[in-house]
Amino acid sequence: MTYFGEGSTANGQWHEAMNFAGIHTLPIVFVLENNGFAYSTPNELEFAVDPVERAATYGFPGVLVDGNDVEAVFEASRIAAERAREGRGPALIECRTMRMHGHGAHDDMSYVPEALKQEWADRDPIERYAERLVAEHGFSADEVESIRADVKTYVDECAQKALASPMPDPAEATAGVFADDVTPLGDGHAPWSHWVAQGAERRAA
Amino acid sequence: MAEMTYLEAISDGLREEMRRDETVFCLGEDIGAFGGAFKVTDGFIDEFGADRVLDTPLAENAIIGTAVGAAVEGLRPVCEMQFADFIACGFDQLVNVAAKLHYRQGTAAPMVVRLPSGGGFSGGPFHSQNPEAWFLQSPGLKVVAPATADDAKGLLAAAIRDPNPVCYLEHKGLYRYVKGEVPEGEHLVDLGKARIAREGDELTVIAYGSAVHLALDAAETLGESIEVVDLRSLCPLDTEAILASARKTGKVLVAHEATQSCGVGAEVAALVAAEAFEDLDAPVRRLTAPDVPIPFSPPLEQAVLPQLDDMKEACDELLRY
């Protein structure tokens, strides 16, 4: 599974990757996070046809989901991943969502209309799923709050650890440009073998 | 040993590595049944199959990007750019992804990009370039440029076994023009080691690729004591060999077919000026193409690319300095 923003779909490399994946029926799930803006550039200045429509022209399915609906995203991912594991090739999932902060810390998002920000704030995926866990999946409000507190504690701990970590030694700035040896991520026996190994294990389990 | 052309030596090196290591595979345009535009992979598909001699669409970023993915997974991809010029279309994956991967996250990308380069055949501005300086400005890429059949095989094998992305510049003008004895079977030439192609005391010509042959021919014709250093690797650069020869002769000409500004010649000249200034008897000179695209018209191309007479003149000027 590989994730990218809708901004990248305007770049030629995106086309090259989709085309290559289609030609070789590669086991890839392309996850497109369309958050409405490439930095400040809105969708209508990014493409004339929604990128999910292009999937068919590369020979594989594209599906549009509400990116702020946890179960919709999960279900689309599950189907696409199964399809890939079965050797039926790639799929493109477009998740419609919104970036709720600037492109960077410097960016006040002045280009996003207030009404649009509010519309998406009301569709917060975490809040929506917290409500759904209680309404449809038998969780108590306390359990949901407990999960929320655990996650917050974990994130805070990670942030504290990062802040407490020493800055790198300036003497290391020129180290590591070249590798001295190779530790492969996969098992190295065939193209895309890592996937085959992983898929085989998952099927066995 | 067997006598081979430079082209046959490239094929032989690639074939040997593919036989030795099943993780080595090739990908590029028209390299399969067609055997490549220059026939480097002629017959490979019959021996190794279509999965290891992978024909790609005309999509250089996809070629390089696929190679990066395969390399980090444990394979040893060898990409063929049909012409070195076409790397411009795959530049992002090469200089921004492959080159920086180890520095950014400690992941090695052992891959080779074969780059048929050089002019002299009226290929025009899109099929004749010597783009090595692009890669030398991109930390994380190794760059080699063999001049002989022996080195064409040995440097390719070493590049394939190197844990880093290596740009392998193969000069098209040398493909069938250069022949030589090449070791059969396994043959490796270390990256980063220059070769003294000819010994001499009066002048050093530092060259690589096609310019090595111009320098050797000029030295023979002039009958002077000219030392010719064949760099073989442009990154890593064999600074010791360069400085040793500069100190020995006191006069240095750097020669290459690539354009002049900010090229290898500039780098070598700066190195010699900084480290061997006291040993110099003359300013360091360069013989290169001027800063123009390679023209299509034969007389214009000949005027742009360094010729034997240009080399003789440049050597003669420095010898008489």
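Note that the structure is predicted; figures quoted are calculated from it, not measured. Reminder, nothing fancy here: chain letters follow the sequence lines and each chain counts from 1.
Put simply, CG on A:Asn11 and CG on B:Asn61 are 7.5 Å apart, with the number rounded to the nearest 0.5 Å. One distance of note links CZ of A:Phe178 with CG of B:Asp162; it measures 8.5 Å at 0.5 Å rounding. Atoms CG and CG, on B:Asn164 and A:Asp181 in that order, are 10.0 Å from each other to the nearest 0.5 Å. Annotation: the span from B:Leu27 atom CG to A:Phe20 atom CZ amounts to 6.5 Å, rounded to 0.5 Å. Here the OG1-NE2 distance, from B:Thr56 to A:His24, works out to 7.5 Å after rounding to the nearest 0.5 Å. The distance from the CD atom of B:Gln93 to the CD atom of A:Glu16 is 8.5 Å, given to the nearest 0.5 Å.
For CZ of A:Phe74, the number of neighbouring non-hydrogen atoms (other residues, nucleotides, ligands) closer than 6.0 Å is 12 at most. B:Phe126 CZ: 12 or fewer foreign heavy atoms inside a 6.0 Å radius. Remark: B:Glu240 CD is loosely packed, at most 12 non-hydrogen atoms of other residues, nucleotides or ligands lying under 6.0 Å away. Surrounding CD of B:Gln137 are at most 12 heavy atoms belonging to other residues, nucleotides or ligands under 6.0 Å away. Taking a 6.0 Å sphere around CG of A:Leu45, one finds it holds more than 12 heavy atoms contributed by other residues, nucleotides or ligands.
Contacts of A:Ala175 with chain B are made by backbone atoms alone, with heavy-atom separations under 4.5 Å and no side-chain atom involved. Heavy atoms closer than 4.5 Å to chain B are found in the side chain of A:Asn19, but not in its backbone. Using a 4.5 Å cut-off between heavy atoms, B:Leu101 makes no contact with chain A at all. Residue B:Lys100 does not touch chain A at all, counting heavy-atom pairs closer than 4.5 Å.
Of all heavy-atom pairs spanning B:Arg76 and A:Val182, the tightest one is NH2-CG2, 3.7 Å. Between B:His102 and A:Ala179, the shortest heavy-atom contact is CD2-CB, 3.4 Å.
Of the listed residues B:Pro110, B:Gly140, B:Cys89, the one with more heavy-atom pairs under 4.5 angstrom with chain A than any other is B:Gly140.
Looking at A:Gln13 and B:Asp92, their side chains come closer than 4.5 Å, going by heavy atoms from C-beta outward. B:Pro163 has its side chain out of reach of A:Asp180: every pair of non-hydrogen atoms, C-beta onward, lies at least 4.5 Å apart.
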